[in-house]
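Chain naming here is simple, since letters A, B, ... match the order of the sequence lines and numbering starts at 1 in each.
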2 protein chains.
Amino acid sequence: MDDQLSRVFSALADPTRRDMVARLAVADAGVNELAEPYDVSVQAVSKHLKVLEEAGLVSRSRQAQRRPVHLEAEVFDLMTKWIERYRRQAEERYRRLDDVLAEMDTEKDPRTDTARGAS
Amino acid sequence: MDDQLSRVFSALADPTRRDMVARLAVADAGVNELAEPYDVSVQAVSKHLKVLEEAGLVSRSRQAQRRPVHLEAEVFDLMTKWIERYRRQAEERYRRLDDVLAEMDTEKDPRTDTARGAS
DNA sequence: GGTTTGCTCAACCGCAAGGTTGAACAAGGA
DNA sequence: TCCTTGTTCAACCTTGCGGTTGAGCAAACC
């Protein structure tokens with residue numbers, strides 16, 4: 001868990017943390033406020049927030065005794081870029097495979113080598 | 001770690017597994033083949049593949065003794081949908097905040113309440 | 001039938017993650 | 001100054017993860 005991408009994916013692997021992100025997308029919130037709907041201690045929520053913060057998903061300011069939590073949307077780009085890259089690559093490969101299959105279909109020829117189990 | 005989204009994020013939180021996905025985006029591969037570049041046992045790689053498979057990121061067929069691993073790109077949609085949803089929501093909120101600030105700026109008026117530290 | 005190849009299962013180990021409780025700290029309010 | 005509110009720190013417990021080794025299994029090869 002060294003690089004940021006690992007931290008972000010790992011942070012979002014937890015349903016409670018994903019739910020927090022979902023709620024923070026609507027409005028900033030304090031720790032107690034965030035903890036309210038969950039059946040865990042405030043300390044546990046504080047830990048979750050630390051994880052989100054270290055992943056860069058969230059930032060915190062100070063407002064009297066409160067530490068409002070704010071969602072940082074930029075990090076999402078890191079993930080989408082990674083995902084899209086390999087998705088595209090995989091789909092491209094799929095497309096090429098389709099081409100090959102289509103070509104094999106058009107050149108229906110007795111010499112066509114079907115013995116290698118390319119299906 | 002019950003729902004699929006958790007499984008997918010969790011699976012991709014590991015750098016080795018991400019690298020495997022990256023390589024599988026280029027071409028299908030067997031377990032030994034996949035294990036080759038890493039400094040871990042084949043069994044460890046087999047475990048990683050199980051994680052990827054249970055997340056739906058990968059599927060396996062049978063070809064003689066080999067169990068070729070194939071990347072399944074559809075699951076990526078699950079993630080991007082989740083990410084985009086909240087990213088958009090957060091950005092929308094940001095946009096509205098800008099509107100509010102802009103409005104506060106245009107109505108530069110002695111009665112404007114700047115004492116609440118909205119900056 | 002026995003061996004090699006490719007892979008998985010089982011048991012174990014060390015460590016980090018997520019939870020708890022109890023104490024501490026920081027900033028307002030009485 | 002003392003109390004209350006909001007949050008974090010510290011110590012601890014249990015569970016799960018990533019790694020290991022050793023055995024087992026399935027399919028091809030000799």
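For residues 44-55 of chain A, the set of pairs meeting the salt bridge (Lys or Arg N to Asp or Glu O under 4.0 Å) definition, not counting sequence neighbours, comprises Glu53(A)-Arg60(A).
Counting all heavy atoms, side chain and backbone alike, Asp3(B) lies closest to Pro15(A) at OD1-CG, 4.1 Å. The heavy-atom pair separating Gly56(A) from Gln4(A) by the smallest distance is CA-NE2, 4.3 Å. Scanning both residues, Ala25(B) and Leu71(B), for their nearest heavy atoms gives CA-CD2, 3.7 Å. Contact between Phe76(A) and Leu57(A) at its shortest, heavy atoms only, is CE2-CD2, 3.2 Å.
Rounded to whole Å, the distance from CZ on Arg67(A) to C1' on dT8(D) is 9 Å. Look at CE on Met20(B): it is 11 Å from P on dG18(D), rounded to the nearest Å. Straight-line distance from the CG atom of Asp19(A) to the C1' atom of dG18(C): 17 Å, rounded to whole Å. If you measure from atom CZ of Arg17(A) to atom P of dA17(C), you get 9 Å, rounded to the nearest angstrom. Atom CD of Glu36(B) is separated from atom P of dC7(C) by 13 Å (rounded to the nearest Å). The distance from atom CG of Leu34(A) to atom C1' of dT8(D) is 15 Å, rounded to the nearest whole Å.
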Taking only N/O atoms, report every protein-nucleotides 27-30 of chain D pair under 3.5 Å with atom names and distance.
none

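Salt-bridge check for Asp28(B) with Arg93(A): passed, with a basic side-chain N closer than 4.0 Å to an acidic carboxylate O.
The stretch residues 42-61 of chain B touches DNA chain C through Gln43(B), Ser46(B), Lys47(B), Arg60(B), each having a heavy atom under 4.0 angstrom from the strand.
In this structure, of dG19(C), dT21(C), dT8(D), it is dG19(C) that holds the atom nearest to the side chain of Val40(A). Side chain of Asp14(A), nearest nucleotide from dG18(C), dT8(D), dG6(C): dG18(C).
Side chain of Arg62(A) to main chain of Ala64(A): a donor-acceptor pair is present (N/O by atom type, distance under 3.5 Å, no hydrogens or angles). In this structure a side-chain-to-backbone donor-acceptor pair under 3.5 Å is missing from Arg67(B) to Val31(B). At least one donor-acceptor pair closer than 3.5 Å links the side chain of Arg18(A) to the backbone N or O of Leu12(A).
Listed pair Asn32(A) / dT5(D) fails the phosphate criterion, with no side-chain N or O lying under 4.0 Å from OP1 or OP2. Contact annotation: Ser41(A) does not reach the phosphate of dG19(C) (side-chain N/O to OP1 or OP2, under 4.0 Å).
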